[in-house]
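Here is the structure we will look at.
Hydrogens, waters and symmetry mates are skipped; everything else that's a heavy atom, side chains included, is used.
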Amino acid sequence: MSGHYHLETLRKACDRGEHYKYLFFWGHTPAADGHISETCLSQWWMCRFQVDGQVYTCAEQYMMAEKARMFGDEAMLEKIMASAHPKEMKAYGRAVQGFDQETWDKASYGIVKRGNMAKFSQDPALWAFLKGTKDRVLVEASPRDRIWGIGMGKSDPDASDPLKWRGMNLLGFALTEIRDTLLKREETQKSVLRDRDGLTEEDFLASYEPGDYARPSVATDMVIFTVTDQEAVSHRRLPQKELRILLIKRGGHPYLGCWALPGGFVQPTETTEQAAGRELLEETGVDDVYLEQLYTFSQPDRDPRTWVMSCSYMALIDSSQVKVQAGDDADQAAWFKLSTRLKAQEEGRELWEITLSHEAVCLTAVLEKEAEGSFVESQIREQKGLAFDHSRIIACGLERLRGKLQYTDLAFHLLPGHFTLTQLQQVYEVILDKKLPVAAFRRKAAPMVRETGQFTENERHRPSRLYEKERKGGKG
């Protein structure tokens, strides 16, 4: 354990000639393959946790909500809790009325510690990552933040020398202290404990009978998105984009002949994520793509065979990489064009129509949900040609993709390595289902892309400059 939770004590130790290992973090975007990396240490990392019975979606939301509560700004508190994006939460926090800097400075470090203690202690996967940092000092290598970060990036030659840090690294020290506290708690809990029957954990496990409880089957279902070109109407016009998802026509009961999301049952030797990756490779021939867990659907009646829980995933694929083939239990696989529309709205409820089309096949569904609610809680009112509750899962996937497009760079996973700005804008437009002003979009895109010095070739219209994704990380 590091034992250093303040810049002053760390600098004194370094002055004495002591040496430490550091783990630098900055940015909040998940890894392309979906595994948890150092970006989970960011205040902006999206995950659900509870403090005093209140659910928060990220540590930034908890911090800003506590700021609003501290200074009695109920209006801003409501906006912070209703927001879905960390950047917006931070902006509302900065607008809290009655704010006093001295009061906030005294309390903010403790607030950040409480929020992150809940975040990492309530999520086993996040705790596993934090625990794995072992005795390293955690360092927010933000070149912009001199309070919560060190005021320099990890590539700076002085980043590994606390004597030269330009910032206080408060977030890094808070996370280091939380890790060490949880490790001590875990070590204490390892001491022999006996339950009310006088059994140790070893005794209990030896006598445990799994068959005493009903056990569900566990499956993975994947919403695999890609963006394709429509057939050009005119050789003088650029082809328009279409948002598509992969569906499999079922070759057996139940729902024989209906279309379903790719997926399958999780094997005893694999995790749900490994099962999703296996199914993805089998159905598309690719595995190095963006993969993210969506939600676990566990309604008892969602599968007519038995109790089947589905751990769903979202994948984003560049269409040029894909070779689609149906698995052994399917008749065929195809990319379906996806569109949604608000069909009706009344008394706080909404009816949404989902349409999926491929050649002569048209699949439809109507979902009902609360006006401000998520599709996770929606009810399927009509469904034609789709199997199980997959229309709900599809709606959840599109809802997640649209939401994260506002504050992440997920769109680049749907594009080849080199692209034009027009192609990038078309991807945003087809996902969000709306036209975007060209000038405003290009200002937004500018920090995310860089020129390649290349231009489009062998096209029937004027050559366009090609860009690629900017590799630098964003502020977390």
Side-chain angles (χ1 to χ4, degrees), residues 1-5 20-63 65-66 86 89 109-141 148-149 169-193 201-202 204-205 218 220 266 270-277 291-296 298 309 311-313 476:
M1 301 182 188
S2 72
H4 290 293
Y5 315 127
Y20 296 90
K21 293 180 180 180
Y22 303 94
L23 176 65
F24 299 101
F25 66 94
W26 190 43
H28 61 282
T29 305
D33 61 3
H35 81 276
I36 294 178
S37 67
E38 67 274 6
T39 56
C40 76
L41 302 174
S42 168
Q43 289 279 97
W44 287 21
W45 178 271
M46 300 302 289
C47 65
R48 293 169 65 86
F49 61 87
Q50 291 187 31
V51 178
D52 296 331
Q54 175 66 58
V55 176
Y56 299 89
T57 58
C58 64
E60 186 72 21
Q61 186 179 48
Y62 175 76
M63 181 183 183
E66 287 295 280
M89 298 167 191
Y109 185 78
I111 289 171
V112 168
K113 277 179 55 180
R114 285 196 297 276
N116 279 282
M117 178 65 79
K119 168 183 169 179
F120 286 95
S121 64
Q122 294 175 23
D123 189 311
L126 294 183
W127 167 230
F129 179 87
L130 184 61
K131 181 180 179 180
T133 64
K134 299 181 179 178
D135 59 351
R136 286 177 286 181
V137 177
L138 305 180
V139 180
E140 189 189 29
W148 299 99
N169 190 40
L170 292 186
L171 178 57
F173 287 128
L175 293 171
T176 303
E177 186 173 357
I178 288 166
R179 179 200 64 207
D180 293 353
T181 299
L182 290 175
L183 280 171
K184 289 178 182 177
R185 181 187 299 176
E186 194 172 79
E187 289 172 2
T188 301
Q189 292 173 346
K190 287 181 180 178
S191 58
V192 178
L193 298 176
E201 183 173 319
E202 184 178 3
F204 170 78
L205 292 176
V218 180
T220 59
V266 180
E270 62 186 359
T271 65
T272 56
E273 185 170 330
Q274 290 170 336
L291 186 65
E292 171 185 332
Q293 185 175 338
L294 276 177
Y295 189 77
T296 299
S298 57
M309 298 172 62
C311 187
S312 62
Y313 285 80

Notebook entry, point to check: Looking only at atom types and distance, does a side-chain atom of Q122 sit under 3.5 Å from a main-chain N or O of Q50, one as donor and one as acceptor?
Noted result: yes

Next item on the list: For residues L175 and N116, determine if any side-chain heavy atom of one lies less than 4.5 Å from a side-chain heavy atom of the other.
Entry: yes

Check: Is T220 close to S312 at the side-chain level, that is, under 4.5 Å between some pair of heavy atoms?
Finding: no

Check: Do R48 side-chain atoms and V55 backbone N/O form a donor-acceptor pair below 3.5 Å?
Finding: no

Note to self: Tell me every residue that passes ring-ring contact (aromatic ring centres under 6.0 Å, His included) with Y109, counting only those two or more places apart in sequence or in another chain.
What the structure shows: none

Note to self: Please identify which of these residues, C58, P30, P86, meets the side-chain contact (heavy atoms from CB on, under 4.5 Å) condition with W45.
What the structure shows: P30

Checklist line | side chain to side chain contact (heavy atoms under 4.5 Å, CB included) partners of T296, counting only residues at least two apart | finding: Q293, M309, C311

Notebook entry, point to check: Hey, mind stepping through F25 and V139 against side-chain contact (heavy atoms from CB on, under 4.5 Å) and telling me if it holds?
Noted result: CA-CA 6 Å; F25 66 94; V139 180; 5.6 Å; no

Notebook entry, point to check: Is a side-chain N or O of R179 found less than 3.5 angstrom from the main chain of A174, in a donor-acceptor match?
Noted result: no

Notebook entry, point to check: Do Y5 and T176 have side chains that get closer than 4.5 Å, going by heavy atoms?
Noted result: yes

Note to self: Working to the nearest 0.5 angstrom, can you tell me the gap between S121 OG and I178 CD1?
What the structure shows: 9.0 Å

Check: Under 3.5 Å, is there a donor-acceptor pair between the side chain of S37 and the main chain of A31?
Finding: no

Item checked: Gap separating the NZ atom of K134 from the CZ atom of R136, nearest 0.5 angstrom -> 8.0 Å

Margin query: So, using side chain to side chain contact (heavy atoms under 4.5 Å, CB included) as the criterion, who are the partners of T271 when residues are at least two apart?
Written below: E273, Q274

Next item on the list: Let me see the working for E140 and N169 under side-chain contact (heavy atoms from CB on, under 4.5 Å), right down to the final yes or no.
Entry: CA-CA 6 Å; E140 189 189 29; N169 190 40; 4.2 Å; yes

Item checked: Within-4.5 Å side-chain heavy-atom neighbours: M89 and T57 -> yes

Notebook entry, point to check: Would the Y56 and Y62 ring centres measure less than 6.0 Å apart?
Noted result: yes

Check: Considering all heavy atoms of both residues, which atom of L291 and which atom of G277 are nearest to each other, and what is their separation?
Finding: CD2-N, 4.2 Å

Check: Roughly how far apart are W26 CH2 and L171 CG, rounded to 0.5 Å?
Finding: 13.5 Å

Note to self: Determine whether L23 and L41 satisfy the following criterion, side-chain contact (heavy atoms from CB on, under 4.5 Å), listing intermediate values before the conclusion.
What the structure shows: CA-CA 10 Å; L23 176 65; L41 302 174; 4.2 Å; yes

Item checked: Minimal non-hydrogen separation, F49 against A118, with atom names -> CD1-CB, 3.7 Å

Check: Do the side chains of K131 and L183 get nearer than 4.5 Å, heavy atoms only?
Finding: yes

Note to self: Can you confirm whether R114 sits close enough to E66 that some side-chain heavy atom of one is under 4.5 Å from a side-chain heavy atom of the other?
What the structure shows: yes

Notebook entry, point to check: Of the non-hydrogen atoms in W148 and V112, which two are nearest, and what is the gap between them?
Noted result: CH2-CG2, 3.5 Å

Notebook entry, point to check: Given T29 and T39, is the side-chain contact (heavy atoms from CB on, under 4.5 Å) satisfied, shown in steps?
Noted result: CA-CA 6 Å; T29 305; T39 56; 5.6 Å; no

Notebook entry, point to check: Rounded to the nearest 0.5 Å, how far does CD of Q43 lie from NE2 of H28?
Noted result: 12.5 Å

Next item on the list: Please determine, by modelled atom types, if E186 and W127 share a side-chain donor-acceptor pair under 3.5 angstrom.
Entry: yes

Note to self: If only side-chain N and O atoms count, and only distance matters, is there a donor-acceptor pair under 3.5 Å linking D135 with Y20?
What the structure shows: no

Item checked: Set of residues satisfying side chain to side chain contact (heavy atoms under 4.5 Å, CB included) with respect to A125, sequence neighbours excluded -> I36, D123

Checklist line | salt bridge (Lys or Arg N to Asp or Glu O under 4.0 Å) partners for E201, two or more places apart | finding: none

Notebook entry, point to check: Which residues pass the side chain to side chain contact (heavy atoms under 4.5 Å, CB included) test with V218, sequence neighbours left out?
Noted result: V266, T272

Check: Does F173 reach the side chain of V137, with side-chain heavy atoms less than 4.5 Å apart?
Finding: yes

